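Here's the structure, in structure tokens; my notes come after.
Predicted model only: the values in this text are computed from it and were never measured.
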Amino acid sequence: MMDSQQAAQNVLLAIGGSDNLVSNEVCMTRLRLTVTDPTRIDTEQLGNLQGVLGIVGRGINGIEVVFGPNIAQQVNAAITACCNHTQASQVIPIPEDGSTSDEKEVEQLISLLRDVDLSVDNLSHTGTFDTDPKEESVTPEELTQDEQGLRLLIINGPNINMLGIREPKLYGKQDYRTLIKICKEEADRQGFIDCVCYQSNYEGDLVSAIQDALGTYDAILINPAAYTHTSIALLDAALSVKIPMVEVHLTDINEREEYRRVSYLKDACIGVCCGKGFESYREGIALLAKYLTEA
């Protein structure tokens, strides 16, 4: 198995060091990084790291590093731990000739590097990528006893990332990061050992997120946003994986405009929680936890 701590160190090195990192989060199989100076990112080095299936541009100062299932979450956690540790937050480059006083460390770092049949020049600012990834996965047998338990995936659709800015009279003044924090805290309180929050403005990404959850997550909480009222594709994906799912909305869609009262996805869900702002998410997480424990 890949050493997530070593991988995190190498990712930090490839993006120009921990001092260049502004924020990091995980979205399914993608590690989302925002940096201060994008010119310091060594895309070739980053694309050739072990476990990296591709890299995707994200806006002006962002980049997404694509890993296999579970790997992105592990590397993200390691990066967070690394940057919160005074000594570990400084990434020391390895000389080109590989010389160092600690030969074992060099061997470990070199073992993480491999050639991948992917072009780092194929960057896209749309958040999409075209690849045939040979994804790595963690089987239940490889998990320790502490790692075994219920896993929750939270999927947010278009414009949810604009919370706090978007129509605050309707959706409130709290931002998306606050929503993530609340969801993770509630998931932990309800007994989930893992809670991953994913957001995309693209319908296909949301479909892929649902499909990729099969065999990895035990439950899905989803706010399809505008796709609630238009996407049969999301419904088909949900019916395909048959993962317990709850639909959630910040506002009460039943009291909104007529076109917002239609939900294609609800037929694949065990329940709908709406109209209570961020509390709708807490309610949905609790509903899923109860459903799973009573099943």
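- Using a 4.5 Å heavy-atom cutoff, the side chains of L49 and V65 are not in contact.
- The nearest pair of heavy atoms linking P224 to L234 is CB-CD1, 4.0 Å.
- Linking ILVMFWY residues whenever their side-chain heavy atoms come closer than 4.5 Å, directly or via other members, places V246 and I160 in the same cluster.
- Side chains of T251 and R260 form no contact here, defined as non-hydrogen atoms less than 4.5 Å apart.
- Counting only distance, with no hydrogens or angles, the side chain of D188 and the backbone of K184 share no donor-acceptor pair below 3.5 Å.
- Not a single donor-acceptor pair under 3.5 Å links the side chain of Y171 to the backbone N or O of I165.
- Residues A78 and S4 share a closest heavy-atom pair of CB-O, 3.6 Å.
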(Q) What verdict does the side-chain contact (heavy atoms from CB on, under 4.5 Å) test give for I182 and Y281, after you've listed the backbone C-alpha separation in whole Å, the side-chain angles of each residue and the deciding distance to 0.1 Å? (A) CA-CA 8 Å; I182 288 174; Y281 282 77; 5.7 Å; no
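- Atom CD1 of I15 sits about 11.0 Å away from atom CG of D37, to the nearest 0.5 Å.
- Residues meeting the side-chain contact (heavy atoms from CB on, under 4.5 Å) test with S240, sequence neighbours left out: none.
- The side-chain contact (heavy atoms from CB on, under 4.5 Å) check on R177 picks up S23, E25, D175, with sequence neighbours excluded.
- Side-chain contact check for D212 versus L153: every heavy-atom pair is 4.5 Å or farther apart.
- Side chains of I154 and L179 form no contact here, defined as non-hydrogen atoms less than 4.5 Å apart.
- Using a 4.5 Å cut-off on side-chain heavy atoms (C-beta onward), R40 and V35 make no contact.
- Judged by distance alone, the side chain of N223 and the main-chain N or O of G157 form no donor-acceptor pair under 3.5 Å.
- Going from atom SG of C269 over to atom CG of L221 covers 9.0 Å, rounded to the nearest 0.5 Å.
- When every heavy atom of G51 is checked against every heavy atom of F67, the shortest pair comes out as O-CD2, 3.3 Å.
- If you chain together hydrophobic residues whose side chains sit under 4.5 Å apart, M245 and V272 never meet in one group.
- Using cut-offs of 30° and 60° on the angle between ring planes, the pair H229 and Y259 is perpendicular.
- With hydrophobic clusters built from ILVMFWY side chains whose heavy atoms lie under 4.5 angstrom apart, I253 does not share a cluster with L170.
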Would you give me the side-chain donor-acceptor pairs under 3.5 Å for residues 285-295, sequence neighbours excluded?
residue	atom	partner	partner atom	Å
T293	OG1	A289	O	2.9
T293	OG1	K290	O	3.0

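- One hydrophobic cluster, built from ILVMFWY side chains closer than 4.5 Å, cannot hold both Y198 and Y176; they sit in different ones.
- Annotation: side chain of C274 is in contact with side chain of D252 (closest heavy-atom distance under 4.5 Å).
- When all heavy atoms of R151 and T216 are compared, the closest pair comes out as CD-O, 3.5 Å.
- Contacts classified as salt bridge (charged side-chain N to carboxylate O under 4.0 Å, His left out) and involving residues 265-278 (residues at least two apart or in different chains) are given here: K276-E283.
- V241 is linked by a side-chain contact (heavy atoms from CB on, under 4.5 Å) to I210, L214, I243, counting only residues two or more places apart in sequence or in another chain.
- Within the model, atoms OG1 of T43 and CD1 of I55 stand 5.0 Å from one another, a figure rounded to the nearest 0.5 Å.
- You'll find the side chain of L33 reaches within 4.5 Å of the side chain of V11, heavy atoms only.
- Residues I232 and L206 do not share a hydrophobic cluster, defined by chaining ILVMFWY side chains whose heavy atoms lie under 4.5 Å apart.
- Taking CD1 of I180 as the start and CZ of F278 as the end, the distance is 10.0 Å to the nearest 0.5 Å.
- Residues I79 and L12 are in side-chain contact: their nearest non-hydrogen atoms beyond the backbone lie under 4.5 Å apart.
- Scanning all heavy atoms of the two residues, the minimum distance from A72 to L31 falls at CB-N, 4.3 Å.
- Shown are N156, N161, D205; of these, the side chain to side chain donor-acceptor pair (under 3.5 Å) with Q199 is made only by N161.
- Applying the salt bridge (charged side-chain N to carboxylate O under 4.0 Å, His left out) criterion to E185, with sequence neighbours excluded, gives K181.
- Salt-bridge formation is not detected for the pair E258/R261: no Lys NZ or Arg NE/NH1/NH2 atom is positioned less than 4.0 Å from an Asp or Glu carboxylate oxygen.
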Next on the checklist: Does L152 form a side-chain contact (heavy atoms from CB on, under 4.5 Å) with C183? I'd like the steps, not just the answer.
Outcome noted: CA-CA 10 Å; L152 173 66; C183 288; over 6 Å; no
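- Under the 3.5 Å distance criterion, the side-chain polar atoms of S280 are matched with a main-chain donor or acceptor of H249.
- F192 contributes atom CZ, which lies 9.5 Å from atom CD of E186 (distance to the nearest 0.5 angstrom).
- Using modelled atom types, one finds a donor on one side chain and an acceptor on the other under 3.5 Å when comparing N24 with N76.
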Verdict with supporting geometry, C83 and L21, side-chain contact (heavy atoms from CB on, under 4.5 Å):
CA-CA 9 Å; C83 291; L21 181 66; 3.9 Å; yes
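- When every heavy atom of L150 is checked against every heavy atom of D218, the shortest pair comes out as CA-OD2, 3.2 Å.
- Atom CD of Q5 has 12 or fewer neighbouring heavy atoms from other residues, nucleotides or ligands inside a 6.0 Å radius.
- For the atom pair CG of L46 and CG of L13, the computed distance is 10.0 Å after rounding to the nearest 0.5 Å.
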